[in-house]
Structure formats: structure tokens, C-alpha cells
Amino acid sequence: MRITKFGHACVRLEHGGTTVVVDPGSFTDPAALAGADAVLITHEHVDHFEEARLRAALEADPELRVWTNKDVAGKLDGVGRRVAAVGEGDAFDLGGIPVSVHGEWHAVIHPDIPLVRNIGFLFDGRLFHPGDALLVPPGPVDTLLLPIAAPWTKVGELVDYVREAGARQAVPVHDAVLSPVGLAVHTRLIGPGGPGGAELRTLGEGESLDVG
């Protein structure tokens with residue numbers, strides 16, 4: 001299984017001839033969608049779900065399918081037959097890649113800001129994308145995609161999260177709001193030299209990593 005980072009929270013996963021793209025939002029190069037078999041969307045915020053771009057990809061490729069929560073699915077009227085609404089406890093298969101769905105709500109940004117639905121995806125029991133919530137995987141995983149910076153995150157909470165998640169390695173995502181200096185500070189605190197103690201594998205735009 002190989003992942004490639006495509007800006008902010010988007011990753012492209014390739015395994016056994018199947019290509020899955022997760023959260024190709026407004027901060028993501030549209031090229032991330034080229035040749036995809038499936039698109040998974042964790043929640044409706046524009047940095048994860050860019051409706052016009054996704055509709056264009058669906059129009060260009062009649063075989064492309066989408067899995068997401070029911071609120072995002074409701075926004076994709078007109079293509080409903082190609083969109084599956086899933087939630088906590090659901091499971092499905094993508095070309096031989098088993099996927100299970102976890103969680104229900106986005107992390108709290110501020111009490112005055114309404115919560116939106118958010119789901120995380122676990123791929124083959126070994127790679128976990130939590131979306132915008134510090135969802136602990138349902139069991140030990142090899143690789144955690146770690147939302148490292150957002151209006152709702154605090155580094156101390158991320159330290160506790162990587163400890164509780166217990167993944168062999170963490171790959172930072174959701175980093176568009178960080179400068180290079182900010183990313184260095186965050187990764188130092190969360191990584192092996194800081195209190196987080198996590199094995200971090202930081203990927204640049206378009207860089208890939210084999211995750212087993």
C-alpha cells in the first residue's frame with residue numbers, strides 16, 4: 001500500500017491496482033483526482049470537499065464513485081447513484097481494500113460554531129485517516145494520518161492523541177495553515193525528540209510512502 005500527499009489533508013492511496021483519493025479539498029491540486037477509482041470525503045468543509053471540482057471529476061469519469069457521510073452526500077444531488085452515504089460501523093470494499101468507517105462529529109472549533117459530521121476511514125486495518133477529529137483507531141494500526149494543525153488543534157492534545165493512538169508511525173497532514181517554521185516546531189514536539197515521542201514521516205507535496 002502506497003500513499004502520496006497532495007496538499008493539506010488529501011492523500012492518494014494505491015494498492016493492488018486500485019487508487020483511492022481522500023479529501024481532495026480546495027487546497028489540493030486537482031491532479032490528485034486523475035485516474036482515481038474512488039473518492040472518500042470525511043466532512044463538508046471546503047478544505048476537504050470542493051463540490052465543483054468533485055462534480056467535474058465525476059462528469060469526466062463515469063466509473064468514479066464517492067463514499068462520504070450523509071450530509072456531504074446530500075450536497076451531491078444529481079449524482080446520488082454514484083455516492084454512498086456511510087457512517088460509524090459501516091464497512092465496504094474498494095477493489096480489494098477493506099475500509100471501515102469510524103466517528104461521527106468534527107472536533108469543536110468554538111461553541112458558537114455549529115458542529116458538522118465527520119467520519120474517519122480505516123484502510124485494511126493498517127492506515128487510518130481521522131478527518132478533522134482526534135479519533136482513536138479501533139485497534140492498533142501501522143500508520144496514522146495526523147491532522148497536525150487547524151483552528152481546533154492544540155499541540156498538547158496532539159501529543160496525547162499520538163500516544164493513545166499507538167500507531168507505529170504518524171504522517172502529518174492538515175498542514176496548510178503552518179509556515180515551514182511552524183511545521184518544524186509542531187513536528188519537533190510531536191516527534192521522537194519531543195514529548196509526543198512518535199515516529200513521524202513528514203511528506204512534502206507529491207511525495208510518497210509505502211505503508212506496508
Side-chain angles (χ1 to χ4, degrees), residues 1-16 19-25 27-29 32 40 42-43 45 47-48 97-103 105-109 118-212:
M1 186 179 294
R2 187 173 183 81
I3 58 171
T4 302
K5 190 173 186 302
F6 272 94
H8 197 50
C10 179
V11 294
R12 182 178 170 105
L13 184 154
E14 296 167 289
H15 180 68
T19 298
V20 181
V21 176
V22 185
D23 282 359
F27 302 156
T28 300
D29 186 338
L40 276 54
T42 63
H43 66 285
H45 288 160
D47 55 330
H48 298 254
I97 305 172
V99 183
S100 57
V101 183
H102 305 275
W105 297 106
H106 192 286
V108 174
I109 300 172
N118 176 91
I119 51 177
F121 297 105
L122 176 62
F123 299 91
D124 196 23
R126 49 182 163 152
L127 172 69
F128 189 59
H129 193 312
D132 273 11
L134 300 184
L135 296 170
V136 176
V141 297
D142 182 80
T143 303
L144 172 70
L145 297 171
L146 174 67
I148 198 167
W152 50 272
T153 59
K154 184 171 70 174
V155 173
E157 294 173 344
L158 295 176
V159 167
D160 292 339
Y161 177 52
V162 297
R163 288 175 173 175
E164 187 176 3
R168 182 184 67 81
Q169 64 181 355
V171 176
V173 295
H174 212 285
D175 54 3
V177 297
L178 288 178
S179 68
V181 171
L183 181 61
V185 170
H186 279 59
T187 54
R188 178 176 59 81
L189 291 170
I190 298 167
E199 179 182 337
L200 287 184
R201 296 293 302 272
T202 303
L203 300 179
E205 178 75 10
E207 290 185 341
S208 300
L209 174 68
D210 290 325
V211 293

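Note that the numbering runs from 1 along the sequence shown for the chain.
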Checking Lys154 against Val159 for the side-chain contact (heavy atoms from CB on, under 4.5 Å) test, could you report, in this order, the C-alpha distance in whole Å, the side-chain angles of both residues, the deciding distance, and whether it holds? CA-CA 9 Å; Lys154 184 171 70 174; Val159 167; over 6 Å; no

Hey, can you tell me if Phe123 and Phe121 have their rings parallel, tilted or perpendicular (30° and 60° cut-offs)?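 Rings of Phe123 and Phe121: tilted, 30 to 60°.
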
Flag, side chain of [X] to backbone of [Y], donor-acceptor distance under 3.5 Å:
{"X": "His129", "Y": "Gly131", "result": "yes"}
{"X": "Tyr161", "Y": "Val155", "result": "no"}
{"X": "Asn118", "Y": "Pro130", "result": "yes"}

Glu199 and Arg168 ion-paired at < 4.0 Å: yes

With heavy-atom distances below 4.5 Å as the criterion, would you say the side chains of [X] and [Y] are in contact?
{"X": "Val141", "Y": "Leu122", "answer": "yes"}
{"X": "Glu157", "Y": "Leu134", "answer": "yes"}
{"X": "His15", "Y": "Leu127", "answer": "no"}
{"X": "Met1", "Y": "Asp210", "answer": "no"}
{"X": "Val171", "Y": "Leu200", "answer": "no"}
{"X": "Leu144", "Y": "Gln169", "answer": "no"}
{"X": "Arg126", "Y": "Pro140", "answer": "no"}
{"X": "Val173", "Y": "Val11", "answer": "yes"}

What pairs with His186 under ring-ring contact (aromatic ring centres under 6.0 Å, His included), at least two apart in sequence or on another chain? none

Those residues at least two apart in sequence (or on a different chain) that pass ring-ring contact (aromatic ring centres under 6.0 Å, His included) with His174 are His8, His48

Which heavy atom of [X] sits nearest a heavy atom of [Y], and at what distance?
{"X": "Cys10", "Y": "Thr28", "value": "CB-OG1, 3.3 Å"}
{"X": "Ile148", "Y": "Pro172", "value": "CD1-CB, 3.9 Å"}
{"X": "Leu40", "Y": "Pro24", "value": "O-CD, 4.4 Å"}
{"X": "His102", "Y": "Pro138", "value": "CE1-CG, 3.4 Å"}
{"X": "Trp105", "Y": "Ala133", "value": "O-CB, 3.7 Å"}

First locate atom [atom1] of [X], then atom [atom2] of [Y], and finally report the distance between them rounded to the nearest 0.5 Å.
{"X": "Thr42", "Y": "Asp23", "atom1": "OG1", "atom2": "CG", "value": "3.5 Å"}
{"X": "Thr143", "Y": "Phe128", "atom1": "OG1", "atom2": "CZ", "value": "13.0 Å"}
{"X": "Arg12", "Y": "Arg2", "atom1": "CZ", "atom2": "CZ", "value": "12.0 Å"}
{"X": "Thr153", "Y": "Leu178", "atom1": "OG1", "atom2": "CG", "value": "8.0 Å"}
{"X": "Leu209", "Y": "Thr4", "atom1": "CG", "atom2": "OG1", "value": "9.0 Å"}
{"X": "Ile3", "Y": "Leu13", "atom1": "CD1", "atom2": "CG", "value": "7.5 Å"}

If you apply the rule side-chain contact (heavy atoms from CB on, under 4.5 Å), what do you find for Glu207 with Lys5, and how did you get there? CA-CA 6 Å; Glu207 290 185 341; Lys5 190 173 186 302; 5.9 Å; no

Kindly determine whether His43 and Ile119 satisfy side-chain contact (heavy atoms from CB on, under 4.5 Å), including the steps that lead there. CA-CA 7 Å; His43 66 285; Ile119 51 177; over 6 Å; no

Within 6.0 Å of CZ in Arg201, more than 12 heavy atoms from elsewhere: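 Counting other residues, nucleotides and ligands, CZ of Arg201 stays at 12 neighbours or fewer.
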
